[in-house]
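Scroll down for the structure; my scribbles are underneath it.
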Amino acid sequence: MYRFAKAAVNITSQASRQVRHSSSVNPEFHAKYGNGLMIGGAVFCTAVWSYVLTQTGITWNFSPVGKVMPKEWREPESEE
């Protein structure tokens with residue numbers, strides 16, 4: 001178990017170094033594409049949910065209050 005934990009820590013430290021290194025290499029990516037990606041994601045999400053809500057025919061069961069009536073109570077029949 002000790003070897004596994006040591007290897008896992010080593011892998012995570014290597015991964016964090018790679019992330020730090022890659023972000024310092026190309027920092028203008030977010031400045032160049034960040035707003036477009038955010039707007040594109042928002043448009044895509046809105047389009048998908050608009051389709052789901054209007055075209056799929058899903059019955060949305062929002063609240064059963066006032067719609068569900070309890071059944072009439074019946075006494076169990078005793079066998080005598």
Side-chain angles (χ1 to χ4, degrees):
M1 189 67 179
Y2 175 73
R3 287 183 191 171
F4 176 74
K6 189 176 176 182
V9 169
N10 188 23
I11 289 172
T12 55
S13 65
Q14 286 176 357
S16 65
R17 272 187 258 126
Q18 286 178 351
V19 168
R20 269 188 262 130
H21 178 68
S22 66
S23 64
S24 65
V25 170
N26 195 3
E28 69 272 358
F29 177 83
H30 291 289
K32 190 173 181 182
Y33 300 111
N35 291 336
L37 285 174
M38 289 292 286
I39 292 169
V43 167
F44 177 77
C45 183
T46 303
V48 168
W49 274 109
S50 298
Y51 175 79
V52 167
L53 293 173
T54 60
Q55 302 297 315
T56 57
I58 295 175
T59 303
W60 301 95
N61 297 321
F62 290 112
S63 175
V65 175
K67 298 175 184 173
V68 176
M69 298 298 293
K71 291 182 179 179
E72 187 75 28
W73 178 262
R74 293 185 315 160
E75 291 291 331
E77 297 177 14
S78 62
E79 296 179 22
E80 292 182 25

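Scope of the values below: all heavy atoms of this structure, side chains included, with no hydrogens, waters or symmetry mates. Numbering of residues begins at 1 and proceeds along the displayed sequence. All figures in this text were calculated on a predicted structure; none of them were measured in a lab.
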Sequence neighbours left out, cut at 3.5 Å: what donor-acceptor pairs do the side chains of residues 41-52 make with other protein atoms?
from: T46; atom 1: OG1; to: A42; atom 2: O; distance (Å): 2.8
from: S50; atom 1: OG; to: T46; atom 2: O; distance (Å): 2.7

Fellow cluster residues of M38, listed by chain then number, with links counted only when side-chain atoms sit under 4.5 Å apart: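 Noted: M38 shares its cluster with no other residue.
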Qualifying residues under side chain to side chain donor-acceptor pair (under 3.5 Å), relative to E75, sequence neighbours excluded: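 With sequence neighbours excluded, E75 shows a side chain to side chain donor-acceptor pair (under 3.5 Å) to W73, given in chain and number order.
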